[in-house]
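Every chain is numbered from 1, with letters handed out A, B, ... down the list of sequences. What you are looking at is a predicted structure, and each value in this text was computed from that prediction instead of being measured.
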Amino acid sequence: MEREVRVRFAPSPTGPLHIGGVRTALYNYLFARKMGGTMILRIEDTDQTRFVPGAEDYIRESLEWCGVELDESPWKDGPYGPYRQSERKPMYMQYALQLVESGHAYYAFDTSEELDEMRERLKAAKVATPQYNAITRMTMKNSLTLPEDEVKRRLESGEAYVIRLKVPRKEEVRLKDMIRGWVMVHSSAIDDKVLMKSDGMPTYHLANIVDDHLMKITHVIRGEEWLPSAPLHVLLYRYLGWEDTMPEFAHLPLLLKPDGNGKLSKRDGDKFGFPVFPLEWKDPFSGDISIGYRENGFLPEAFVNFLAFLGWNPGTQQEIFTMPELIEAFSVDRIGKSGTKFDWQKARWFNEQYLRSKPDEELAQYLLQALEEHNIECSFEQAVKICSLMKERVTFPSDFWRESSYFFEAPTSYNEKVASKKWNSQAVAVFEDFKNELPSLADYNADAIKELLNNVLERHGMKIGQVMQALRLAVTGLEAGPDLMHIIEIIGAEETKARIEAAIEKLAAYASA
RNA sequence: GGCCCGUUCGUCUAGGGGUUAGGACGCUAGAUUUUCAUUCUAGUAACAGGGGUUCGAUUCCCCUACGGGCUACCA
């Protein structure tokens, strides 16, 4: 019988979630929604020493920003809570004990010094992979080698111990991955993994199997870094007697550094000059700040669209997808196998596409906000006009203000190159007439302004191409920008007149040359 | 080192025994424009190498190379 699809995203709160994690969450979400299933978030905080304050809130806020909705989570209770492993602590021991009783696990009392010693010894003996396994466990201090009464005595005296899985010496462990097909691993390559730590917490391996089982998870979609330990997880399901409801696995290709050397890591943001985190993160210990996509001006839709295409594609020519469209198009068998390098240029392109598809009225809000911060007044209508002029040339919302400040402030300097090449006495003669006649224009709009300019040019026997660059220089100080007539329309006749007069004065040296 | 996974234009990728190996980003050129950008058009550029299997392999198999992951009482 087909079970209702239930998937989980299970980050550990050890710092900011990086984009690889966000992508894993996204794929889980898309799959859940596509299948009409349930999306769960479980916090994997079994390592108390790595807890970072704020990390959990960061995860929550990041997913909210991306539009990844959680059906069950620490913040939205469901039938299988709690959703923080630290709060599920009492649940794990019984399963570990069940394994001990069935002979699939055992107590071990070795100190970390003894473990190091064992590894050193094996290394010296040229053993390829020094590990606690079927062979070496018989030389260590555990319930397999110690007399029964001593084991009992040690346990009762409160001595520190761990519970290890007794991995069989020779056995092929097969695992079917939805992305890679059958993966075969020999049990000799797996060591006797610690299941319960001496602090009473389970390790990832035990906790993840117990929780996935208890939470009725049907599909485990996670990063490829988990593939090597997946056979171990299969063994756990088997020994716990849960193999018939074992989830299906899908191991996602990793996100790689742009230079193709290694998986994208937290430090790479600074190194390559783009964010690796969805949101800005301030490290609570060092105070270091890492930039985020949101603060960098990315629209969440663009970020999600871009991320979805890192390792997956719909098999059609369509590139722009809304979240509902992604859900509709998503399927696990269109996820690629090979690692994916991060392409900053393409990320920008997606953002441009989304920005341009927004109505001018919405874009105007970005500009208005920036203007407010600079204490500049501007009507909503003006802002809309400016944005409609600028939208084809911006990548980020912050560009609206950065690229359009001349609408509000007269130029304080002029592009040197244009000034020396295009500013001359003939142009100035045209501008004298133009700026004087501008305020008396009956119908003040871009078309009328252009008509006036043409009239003046005709009187002077000149063509529009001869003065346009210089006029732009006078009005904006720059060498390039959107349609000048529209700029002049927005700025207004009086301001334009004043700017032209200022330019004539300041650039006099060029005109006489 | 051992084990596991992978390898199509610079990048993201489609394809799959016989194709002019397709698209997108980037880049280049042309067109448009008052400039820059946009837009449009064109161009650039790839099946890692070697063996098989086959009438025919980029596609299937093996080996090598290269890349990546894992190798903790971390997840």
### Task
Remember a base hit wins even if backbone is also touched, and classify Gly311(A) as base, sugar-phosphate or nothing at under 4.0 Å, heavy atoms.
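Here Gly311(A) touches the backbone only, sparing every base.
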### Message
So Met184(A), base contact, sugar-phosphate only, or nothing? Heavy-atom distance under 4.0 Å.
### Response
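Sugar-phosphate only.
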Whether [Y] and [X] form a salt bridge (side-chain N of Lys/Arg under 4.0 Å from carboxylate O of Asp/Glu) is what I want to check.
{"X": "Asp116(A)", "Y": "Arg119(A)", "value": "yes"}
{"X": "Glu224(A)", "Y": "Lys263(A)", "value": "no"}
{"X": "Arg402(A)", "Y": "Asp399(A)", "value": "yes"}
{"X": "Lys141(A)", "Y": "Glu114(A)", "value": "yes"}

### Message
Would you say Thr476(A) and Arg472(A) are linked by a side-chain donor-acceptor pair, where the criterion is simply a distance under 3.5 Å?
### Response
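No.
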### Message
Whether the Glu489(A) and Asn445(A) side chains hold a donor-acceptor pair (N or O, under 3.5 Å, no angle test) is what I'd like checked.
### Response
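Side chains of Glu489(A) and Asn445(A): no pair found under 3.5 Å.
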### Query
Start at the 5' end of RNA chain B and walk down; is the nucleotide closest to Arg50(A) or to Gln345(A) reached first?
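Looking at the nearest nucleotide for each, Gln345(A) comes out on the 5' side.
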#### Entry: RNA chain B: 5'-proximal contact among Arg334(A) and Arg180(A) (nearest heavy atom)
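The residue mapped nearer the 5' terminus is Arg180(A).
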For the pair made of [atom1] in [X] and [atom2] in [N], what is the distance, rounded to whole Å?
{"X": "Arg356(A)", "N": "U38(B)", "atom1": "CZ", "atom2": "C1'", "result": "6 Å"}
{"X": "Glu56(A)", "N": "A75(B)", "atom1": "CD", "atom2": "P", "result": "16 Å"}
{"X": "Lys341(A)", "N": "U8(B)", "atom1": "NZ", "atom2": "P", "result": "9 Å"}
{"X": "Asp47(A)", "N": "C74(B)", "atom1": "CG", "atom2": "C1'", "result": "5 Å"}
{"X": "Leu227(A)", "N": "C3(B)", "atom1": "CG", "atom2": "P", "result": "15 Å"}
{"X": "Phe274(A)", "N": "C25(B)", "atom1": "CZ", "atom2": "P", "result": "20 Å"}
{"X": "Asn313(A)", "N": "U11(B)", "atom1": "CG", "atom2": "C1'", "result": "15 Å"}
{"X": "Leu355(A)", "N": "U38(B)", "atom1": "CG", "atom2": "P", "result": "14 Å"}

From [options], pick the nucleotide closest to the side chain of [X]?
{"X": "Glu225(A)", "options": "U8(B), G22(B), C70(B)", "answer": "C70(B)"}
{"X": "Lys346(A)", "options": "C12(B), C4(B), G6(B)", "answer": "C12(B)"}
{"X": "Pro228(A)", "options": "G69(B), C73(B), U35(B)", "answer": "G69(B)"}
{"X": "Thr129(A)", "options": "C4(B), G2(B), C5(B)", "answer": "G2(B)"}
{"X": "Val185(A)", "options": "A24(B), C5(B), C3(B)", "answer": "C3(B)"}
{"X": "Ser338(A)", "options": "C73(B), C3(B), G6(B)", "answer": "G6(B)"}
{"X": "Val194(A)", "options": "G69(B), U35(B), C73(B)", "answer": "C73(B)"}

Partner nucleotide of [N] by Watson-Crick or wobble geometry (both distances under 3.5 Å):
{"N": "A31(B)", "result": "U39(B)"}
{"N": "G18(B)", "result": "C55(B)"}
{"N": "G2(B)", "result": "C70(B)"}
{"N": "C25(B)", "result": "G10(B)"}
{"N": "A45(B)", "result": "none"}

#### Entry: G1(B) to U58(B) separation - C1' atoms, rounded to the nearest Å
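Looking at atom C1' only, G1(B) and U58(B) are 34 Å apart.
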Is there a side-chain contact between [X] and the phosphate of [N], meaning an N or O under 4.0 Å from OP1 or OP2?
{"X": "Thr46(A)", "N": "A75(B)", "answer": "yes"}
{"X": "Arg164(A)", "N": "C73(B)", "answer": "yes"}
{"X": "Lys197(A)", "N": "A75(B)", "answer": "yes"}
{"X": "Lys193(A)", "N": "U71(B)", "answer": "no"}
{"X": "Lys263(A)", "N": "G69(B)", "answer": "no"}

### Query
Within a strict 4.5 Å, meaning less than it, do heavy atoms of the Arg174(A) and Val185(A) side chains meet?
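A side-chain contact under 4.5 Å is absent here.
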### cation_pi(Arg154(A), Phe109(A)) dist<6.0 Å, angle<=45
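Yes, Arg154(A) lies over the aromatic ring of Phe109(A).
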### Message
When you measure from the centre of the six-membered ring of Tyr27(A), is the NZ or CZ of Arg23(A) closer than 6.0 Å and no more than 45° off the axis?
### Response
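Yes, a cation-pi geometry.
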#### Entry: Base of C12(B) paired with side chain of Thr340(A) (donor-acceptor, under 3.5 Å)
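Side chain to base: no pair present.
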### Query
Can you give one letter per nucleotide of nucleotides 40-50 of chain B, going 5' to 3': B for a protein heavy atom under 4.0 Å from the base, S for sugar-phosphate only, - for none?
-----------
